[in-house]
Amino acid sequence: MPERDYTTDLLDMEHMKVLRTGNFPDRIILHVKMKRREVQCPRCGTITSSVHDYRTQQVKDCPVQGRSVIWQYRKRRYRCPC
């Protein structure tokens with residue numbers, strides 16, 4: 001029976017996969033991939049999963065052991081079919 005990943009549950013990371021990490025003296029960089037999902041258009045409310053393009057996004061998180069933590073991922077921009 002597979003063991004449950006409590007760290008993933010605790011950090012609410014079920015929708016992410018860590019690809020690699022970068023450890024530096026002053027920071028930690030986590031390269032993650034987000035699962036593709038359907039989203040709702042904020043203008044018309046249509047559900048879509050059509051990707052328009054990608055952009056690299058960096059998000060700063062709380063420091064760990066005196067080093068800053070940066071999450072880096074390819075942010076999806078979705079296209080509304082309407």
Side-chain angles (χ1 to χ4, degrees):
M1 181 168 149
E3 291 185 30
R4 186 175 173 134
D5 186 358
Y6 291 104
T7 304
T8 300
D9 292 343
L10 179 68
L11 298 175
D12 191 26
M13 293 175 47
E14 291 87 14
H15 59 285
M16 292 185 211
K17 179 180 180 183
V18 178
L19 301 175
R20 65 184 187 275
T21 60
N23 287 310
F24 301 94
D26 60 337
R27 67 188 182 279
I28 300 169
I29 300 177
L30 301 170
H31 299 271
V32 297
K33 183 175 184 176
M34 309 286 273
K35 289 184 181 176
R36 191 170 175 172
R37 60 189 172 107
E38 292 183 335
V39 295
Q40 185 176 12
C41 175
R43 182 177 294 164
C44 69
T46 304
I47 303 295
T48 185
S49 62
S50 176
V51 177
H52 175 65
D53 70 352
Y54 292 90
R55 295 188 182 189
T56 301
Q57 179 83 35
Q58 291 187 355
V59 179
K60 291 183 180 180
D61 203 348
C62 297
V64 173
Q65 296 179 346
R67 297 188 289 176
S68 62
V69 176
I70 300 170
W71 296 82
Q72 186 173 14
Y73 67 98
R74 288 181 65 207
K75 181 178 183 177
R76 289 182 188 91
R77 294 184 59 216
Y78 292 90
R79 178 189 319 263
C80 179
C82 296

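Just the heavy atoms: all of them, side chains too, but no hydrogens, waters or symmetry mates, feed the values below. Only a predicted model underlies this, so the values are computations on that prediction, with no experimental measurement involved.
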Name every donor-acceptor pair, under 3.5 Å, that has one atom in a side chain of residues 26-36 and the other anywhere in the protein, sequence neighbours excluded.
| from | atom 1 | to | atom 2 | distance (Å) |
| --- | --- | --- | --- | --- |
| H31 | ND1 | Q72 | OE1 | 3.2 |
| K35 | NZ | E14 | O | 3.4 |
| R36 | NE | S49 | O | 3.4 |
| R36 | NH2 | S49 | O | 2.7 |

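- Within the structure, every pair that satisfies the salt bridge (Lys or Arg N to Asp or Glu O under 4.0 Å) test and touches residues 63-82, not counting sequence neighbours, is listed here: D53-R77.
- Every residue two or more places apart in sequence or in another chain that forms a side chain to side chain contact (heavy atoms under 4.5 Å, CB included) with P81 is listed here: T46, T48.
- Here L19 sits alone; no ILVMFWY side chain lies under 4.5 Å from its own, so it joins no hydrophobic cluster.
- No side-chain donor-acceptor contact under 3.5 Å links Y78 to the backbone of C41.
- Atoms SG and CD, from C80 and Q40 in turn, are 10.0 Å apart once rounded to the nearest 0.5 Å.
- Linking Ile, Leu, Val, Met, Phe, Trp and Tyr whenever their side-chain heavy atoms come within less than 4.5 Å puts V18 and V69 in one cluster.
- Between M16 and W71, the closest side-chain pair of non-hydrogen atoms falls below 4.5 Å.
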